[in-house]
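Written out below as structure tokens is the structure these notes cover.
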Amino acid sequence: MKPETFLYRLALVVMLATSLTMAFRSSARAAGMQEAGGAGPSFPCEKATTSVEKLICSDRNLSALDLEYSRLYGQRLQESDKPEAEEIRSRAKSFLQTRDNCANDRVDAASLEASELECLASWYYGRIAELSEMPSPAPAEWSPRFVAAVEIYIRRNSGLWRMRDQKPVPEVYVRDPGADRFLKMSVEYGAAQPAKLDRSVSFYVYRNVAGSLTYVAEYRNLQAGPRYFFNKDGRLAAVGRGFGTRLPNGDPYVESESVFYDAAGRETLRTLLAYEKGKITEPVKALSPPRLEKPSFNTFAAFFDARFQTANNPDPNQLGLCYLDLADGYGSFARILNIPAQPLDFYKNSIPPMNYSGLDDIWAKRSPASGVAQDLGTLDGKRVYSVNYPGDLHALLVERQAGRFLPVMYFSPFTKIDRLEIVKSGDRQVLGYSSRISGSGGQIDEWYFILDRGIPKSVKYRPAVEAELKKILPEHWDTRGGNFELRTLTFSSPIWKEEDARCCPTGGSVKVELGIKDSGFIVKSSRVEKSN
């Protein structure tokens, strides 16, 4: 990881963990150590020895948080099975180690006391959120506790097992390359993404944090930018930002700045926390960026309209799709073609960025960018080429305009290419590719494309075949693979009964004849031949 990337990520973590702890500005302070019988902490204050323990005992709010955390910790251990209990203990150990960074004995304690208390409160808020259920009833406003624990609420799949099904789904907006607007991306697993992205500015919009609050995370060149917090009524409640750099001695330095606003949009609180090598310290004014300015909007509606009113949702039916099927262990991905068609020489001399899920440069680094074009013929009048690059990367291109092409697939075969051809099937032409997957017991990686109203479309025969097999085969009988003949559009396979060994099917065989209608495969006929 590059040092700059580490610093920005560290800045984001610190900002989210320590932001907006307004509660300590108004919390009542105990005159000295609390006496037994008060509202916490979970340990006897007369035995407090570390700086963190003394800080906890010196503040009623912190003492109450420590007691709340201790009770939740014990309760969750009792409720959990052994694996989850081990995870809870492990995270608790890490929490206690990290908590110590909120105290700094090397700097004048008087100047850091407020920041130390704010830091401790935020760490407790996050840990308590991990151990707790989602707030009920749903909050109508952002509180310091919710803000400090926002990452817990939006990333339930990274916390304890019991919370992993409660993750809010964001709306993701990225800049449309070459246009002054945003693209709206789907974050559903397996959903097609734009092939080309402008990552200079992007937004993650969470409309249902803790049930009713809105949280917006802005990124600039993939680095953490401002964070915006909106109440249930849409009013802007707070803004936060992290900043990271390095000190002259090379140590990482991070700042977290936060601002709260009232119902009239007036600033009510501003906090600035600084960390050196992860430990709280005094701000270094010479390194600090300009302070956060008041946003030009007071509501989420105004914020949304100003940025995303003209957002475009790429239409795969209009633009077509390109598939990435690389033998890298990550499966296949679909990309919506929001890139312009290019002459064949463009692909022969370069590997266009295709949003390879963060791996854009991998293939370019493996081999020279130049490739060799292979003419595969025409698909319903459109020329088709395969461009073969060193490193066993292939681009499958279909003509979209006169002399200009767009890819339908980038692939690298698992072993060797068994089929890469255009076949006449009935009154339709089909572009087919297949390669055997090594170590899979004969499984085949296969792709088929047709032209649907002039746009290349991936078509799959298996859904139609499997639906037919369910109709004609007894329950628990199956084909365990099978063979598809592209030229005759025929699927055939032996039939295994439930009790059959892998080697020896005894159920006879099945044959399904297919056709292509409109934009997909259909079943024309099927028959089962019983074994003698």
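All values reported here derive from a predicted model rather than from experimental measurement.
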At what distance, to the nearest 0.5 angstrom, does [atom1] of [X] lie from [atom2] of [Y]?
{"X": "Q223", "Y": "E218", "atom1": "CD", "atom2": "CD", "result": "13.0 Å"}
{"X": "D233", "Y": "T214", "atom1": "CG", "atom2": "OG1", "result": "10.0 Å"}
{"X": "N61", "Y": "E118", "atom1": "CG", "atom2": "CD", "result": "11.5 Å"}
{"X": "C57", "Y": "K47", "atom1": "SG", "atom2": "NZ", "result": "12.5 Å"}
{"X": "E141", "Y": "S212", "atom1": "CD", "atom2": "OG", "result": "10.0 Å"}
{"X": "C102", "Y": "L55", "atom1": "SG", "atom2": "CG", "result": "9.0 Å"}

Side chain of [X], backbone of [Y]: donor and acceptor closer than 3.5 Å?
{"X": "Y173", "Y": "R181", "result": "no"}
{"X": "E53", "Y": "C45", "result": "no"}
{"X": "N338", "Y": "K196", "result": "yes"}
{"X": "S94", "Y": "R91", "result": "no"}
{"X": "R235", "Y": "D262", "result": "yes"}
{"X": "D66", "Y": "S42", "result": "yes"}
{"X": "D59", "Y": "L62", "result": "yes"}

What are the two closest heavy atoms between [X] and [Y], and how far apart are they?
{"X": "F243", "Y": "P289", "answer": "CD2-CD, 3.6 Å"}
{"X": "V52", "Y": "A103", "answer": "CG2-CB, 3.8 Å"}
{"X": "L67", "Y": "A39", "answer": "CD2-C, 4.1 Å"}
{"X": "A238", "Y": "Y261", "answer": "CA-CD1, 4.3 Å"}
{"X": "P177", "Y": "L183", "answer": "CD-CD1, 4.2 Å"}
{"X": "R76", "Y": "S132", "answer": "NH2-CA, 4.2 Å"}

Taking the side chain as everything from C-beta on, heavy atoms only, tell me whether [X] gets closer than 4.5 Å to [Y].
{"X": "Y125", "Y": "Y69", "answer": "no"}
{"X": "N231", "Y": "W142", "answer": "yes"}
{"X": "M409", "Y": "L321", "answer": "no"}
{"X": "L393", "Y": "L326", "answer": "yes"}
{"X": "F43", "Y": "I56", "answer": "yes"}
{"X": "C322", "Y": "Y410", "answer": "yes"}
{"X": "E282", "Y": "N104", "answer": "no"}
{"X": "R199", "Y": "V174", "answer": "no"}

> Yes or no on side-chain contact (heavy atoms from CB on, under 4.5 Å) for M354 and L337, after CA distance, side-chain angles and deciding distance?
Replying inline: CA-CA 9 Å; M354 282 291 295; L337 292 174; 4.1 Å; yes
> Is the F146 to F229 ring centre distance short of 6.0 Å?
Replying inline: no
>> Surrounding CZ of R106 (heavy atoms of other residues, nucleotides or ligands, distance under 6.0 Å), is the total greater than 12?
In response: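 No, CZ of R106 has 12 or fewer neighbouring heavy atoms, counting only those of other groups under 6.0 Å.
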> Where do Q78 and Q75 land on the side-chain contact (heavy atoms from CB on, under 4.5 Å) test, with the steps shown first?
Replying inline: CA-CA 5 Å; Q78 289 182 348; Q75 178 182 339; 5.6 Å; no
Name every donor-acceptor pair, under 3.5 Å, that has one atom in a side chain of residues 295-308 and the other anywhere in the protein, sequence neighbours excluded.
| residue | atom | partner | partner atom | Å |
| --- | --- | --- | --- | --- |
| N298 | OD1 | K294 | NZ | 2.6 |
| T299 | OG1 | A302 | N | 3.2 |

> Residues two or more places apart in sequence or in another chain: which of them pass side chain to side chain contact (heavy atoms under 4.5 Å, CB included) with A217?
Replying inline: Y204, Y215, Y219, R227
> Who pairs with D315 by side chain to side chain contact (heavy atoms under 4.5 Å, CB included), at least two apart in sequence or on another chain?
Replying inline: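 If we apply the side chain to side chain contact (heavy atoms under 4.5 Å, CB included) test to D315, skipping adjacent residues, the hits are N317, Q318.
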> Could you walk me through whether H394 and D392 pass the side chain to side chain donor-acceptor pair (under 3.5 Å) check?
Replying inline: CA-CA 6 Å; H394 304 258; D392 218 16; 3.2 Å; yes
>> D325: which residues meet the side chain to side chain donor-acceptor pair (under 3.5 Å) condition with it, sequence neighbours left out?
In response: W447
> So N101 and Y275, side-chain contact (heavy atoms from CB on, under 4.5 Å) or not? Walk me through it.
Replying inline: CA-CA 9 Å; N101 289 330; Y275 294 80; 5.7 Å; no
>> Could you work out, with salt bridge (charged side-chain N to carboxylate O under 4.0 Å, His left out) as the rule, every residue matching R71, not counting sequence neighbours?
In response: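 Applying salt bridge (charged side-chain N to carboxylate O under 4.0 Å, His left out) to R71 gives none.
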> Just checking, is any N or O donor in the side chain of N249 or D251 under 3.5 Å from an acceptor N or O on the other one?
Replying inline: yes
>> Evaluate V259 against R241 for side-chain contact (heavy atoms from CB on, under 4.5 Å), listing each step before the verdict.
In response: CA-CA 9 Å; V259 185; R241 179 181 62 182; over 6 Å; no
>> Does this structure show an ion pair linking R291 with E255, if we count only N-O contacts that are shorter than 4.0 Å?
In response: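 Looking at E255 together with R291, the answer is yes, because their closest N to O distance falls below 4.0 Å.
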> Got a salt bridge between K279 and E276, using NZ or NE/NH1/NH2 to carboxylate O under 4.0 Å?
Replying inline: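 Salt bridge absent between K279 and E276.
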> disulfide bond (SG atoms under 2.5 Å apart): which pairs involve residues 192-249, sequence neighbours left out?
Replying inline: none
